[in-house]
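Working notes, structure below.
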Amino acid sequence: MKNRILVVDDEPSIAMLLDYNLKLADFDVRCVHDGGAVFESIRSFRPDLLVLDLMLPTMDGVQICRKLRSEGSRIPIIMLTAMQEVSDRIAGLDHGADDYMIKPFSPQELISRIRAVLRRAEASAPQPPASDIHLGDICISSERREVTLNGKLIDLTPKEFELLLYLCQHQGRALSRQQLLQNVWDYHFLGDTRIVDVHISHLRDKIEADPRTPRYIQTVRSVGYKITDPLTVHGQRKSVSSALQA
């Protein structure tokens with residue numbers, strides 16, 4: 001069965017370009033041109049992924065992302081933006097978009113990213129029960145896709161959860177931004193890796209007592225990031241590597 005892609009863009013030329021190229025790549029495509037029409041289209045078309053413009057009439061892309069995530073929707077979203085400001089791209093990611101592309105863009109690269117995001121979504125679908133991961137005061141349940149800190153549930157976006165889980169599965173290892181892009185976002189490209197930094201910043205805000213002096217997610221200069229167990233670091237308990245391998 002073909003994957004269904006809902007394109008939301010108020011520029012007819014962009015919508016036509018995407019409709020043509022996505023159908024050529026064997027996707028089932030529907031295009032809408034107004035933010036207010038998105039939710040009815042989702043109910044009737046049941047897309048596997050949204051390609052969502054940031055600037056739309058009636059309701060903009062950030063508002064749509066926020067509403068979908070507040071309603072519990074996990075539909076993957078790739079945001080399109082003509083804006084060059086980093087803050088505008090961060091706004092989309094912060095409210096639940098899985099990726100973004102800046103106009104003008106290559107349809108072939110967009111198709112590659114769509115396939116990568118769909119693979120990630122499929123891989124993160126409910127799996128057989130797995131052991132919880134404990135790291136300091138954090139507990140991660142891959143089965144329930146939940147994270148608690150000191151027993152309190154932490155509200156993470158799907159991509160933040162996947163990033164934290166991947167870091168924990170490679171506890172103590174320095175991981176480059178490119179490795180994280182490849183394994184969490186599942187695509188290879190020599191481009192803007194700030195998407196990783198944005199998500200790391202958001203994770204620190206949610207799990208660190210003081211994000212400016214993190215205990216868990218450490219920056220490895222000239223490389224990327226690693227996650228450590230502060231209790232292990234201070235010799236208060238053994239490594240959790242056996243739990244990670246379970």
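The basis for the numbers below is simple: all heavy atoms, side chains too, and nothing from hydrogens, waters or symmetry mates.
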Short question: side chain of [X], backbone of [Y] - any donor-acceptor pair under 3.5 Å?
X: Thr219; Y: Arg221; result: no
X: Gln218; Y: Pro214; result: yes
X: Glu160; Y: Thr157; result: yes

Roughly how far, to the nearest 0.5 Å, is the [atom2] atom of [Y] from the [atom1] atom of [X]?
X: Arg4; Y: Ser41; atom1: CZ; atom2: OG; answer: 13.0 Å
X: Ile154; Y: Cys139; atom1: CD1; atom2: SG; answer: 11.5 Å
X: Glu162; Y: Lys159; atom1: CD; atom2: NZ; answer: 4.0 Å
X: Phe39; Y: Ile64; atom1: CZ; atom2: CD1; answer: 5.5 Å
X: Leu54; Y: Leu56; atom1: CG; atom2: CG; answer: 7.5 Å
X: Thr58; Y: Asp10; atom1: OG1; atom2: CG; answer: 10.0 Å

- Note on the structure: Which of Val220, Leu163, Leu175, Leu180 passes side-chain contact (heavy atoms from CB on, under 4.5 Å) with Tyr225? Answer is Leu180
Do [X] and [Y] touch side chain to side chain, with heavy atoms closer than 4.5 Å?
X: Gln63; Y: Asp60; answer: yes
X: Ile133; Y: Ile138; answer: no
X: Ile111; Y: Asn21; answer: yes
X: Asp9; Y: Val51; answer: no
X: Leu52; Y: Ile78; answer: no
X: Ile114; Y: Leu22; answer: yes
X: Ile5; Y: Asp28; answer: no
X: Cys31; Y: Met16; answer: no

- Item | For Arg66, all residues meeting salt bridge (charged side-chain N to carboxylate O under 4.0 Å, His left out), sequence neighbours excluded | none
- Note on the structure: For Arg204, the salt bridge (charged side-chain N to carboxylate O under 4.0 Å, His left out) test, sequence neighbours excluded, returns none
Considering all heavy atoms, the nearest [X]-[Y] contact:
X: Arg30; Y: Ser44; value: NH1-OG, 2.9 Å
X: Pro158; Y: Arg74; value: CG-NH1, 3.5 Å
X: Ala97; Y: Leu93; value: O-CD2, 3.7 Å
X: Asp229; Y: Gly136; value: OD1-N, 3.1 Å
X: Leu6; Y: Phe45; value: N-CE2, 4.2 Å

Assigning hydrophobic clusters by single linkage (Ile, Leu, Val, Met, Phe, Trp, Tyr; side-chain heavy-atom cutoff under 4.5 Å), is [X] placed with [Y]?
X: Met101; Y: Val7; answer: yes
X: Ile75; Y: Phe161; answer: yes
X: Met79; Y: Leu17; answer: no
X: Leu167; Y: Val223; answer: no
X: Leu24; Y: Val29; answer: no

- Under the side chain to side chain contact (heavy atoms under 4.5 Å, CB included) rule, what do Leu80 and Ile102 come out as? Steps first, then yes or no, please. CA-CA 6 Å; Leu80 302 180; Ile102 300 172; over 6 Å; no
Can a salt bridge be assigned to the pair [X] and [Y] using a cut-off of 4.0 Å between side-chain N and carboxylate O?
X: Asp99; Y: Arg113; value: yes
X: Asp98; Y: Arg69; value: yes
X: Asp155; Y: Lys206; value: no
X: Arg215; Y: Glu208; value: no

- Message: Would Asp94 and Val62 count as a side chain to side chain contact (heavy atoms under 4.5 Å, CB included) here? Give the steps.
- Response: CA-CA 9 Å; Asp94 197 27; Val62 169; over 6 Å; no
- Message: Please evaluate residues Glu122 and Arg119 with respect to the criterion salt bridge (charged side-chain N to carboxylate O under 4.0 Å, His left out), reporting the C-alpha separation (whole Å), side-chain torsions for both, the decisive distance (0.1 Å), and the verdict.
- Response: CA-CA 5 Å; Glu122 182 179 350; Arg119 285 195 298 270; over 6 Å; no
- Go through the steps to decide whether Leu165 and Val184 satisfy the test side chain to side chain contact (heavy atoms under 4.5 Å, CB included), and finish with yes or no. CA-CA 9 Å; Leu165 181 62; Val184 177; over 6 Å; no
- Does anything in residues 194-217 pair up under ring pair (Phe, Tyr, Trp, His ring centres under 6.0 Å), and if so which pairs, sequence neighbours excluded? Trp185-His199
- Could you pull out all residues at least two apart from Ser222 that satisfy side chain to side chain contact (heavy atoms under 4.5 Å, CB included)? none
- Message: Considering only residues two or more places apart or on different chains, which pairs with a residue in residues 37-56 satisfy salt bridge (Lys or Arg N to Asp or Glu O under 4.0 Å)?
- Response: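 Found Glu40-Arg43, Asp53-Lys103.
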- Please list, chain by chain and in numerical order, all residues satisfying ring-ring contact (aromatic ring centres under 6.0 Å, His included) with Tyr20, sequence neighbours excluded. none
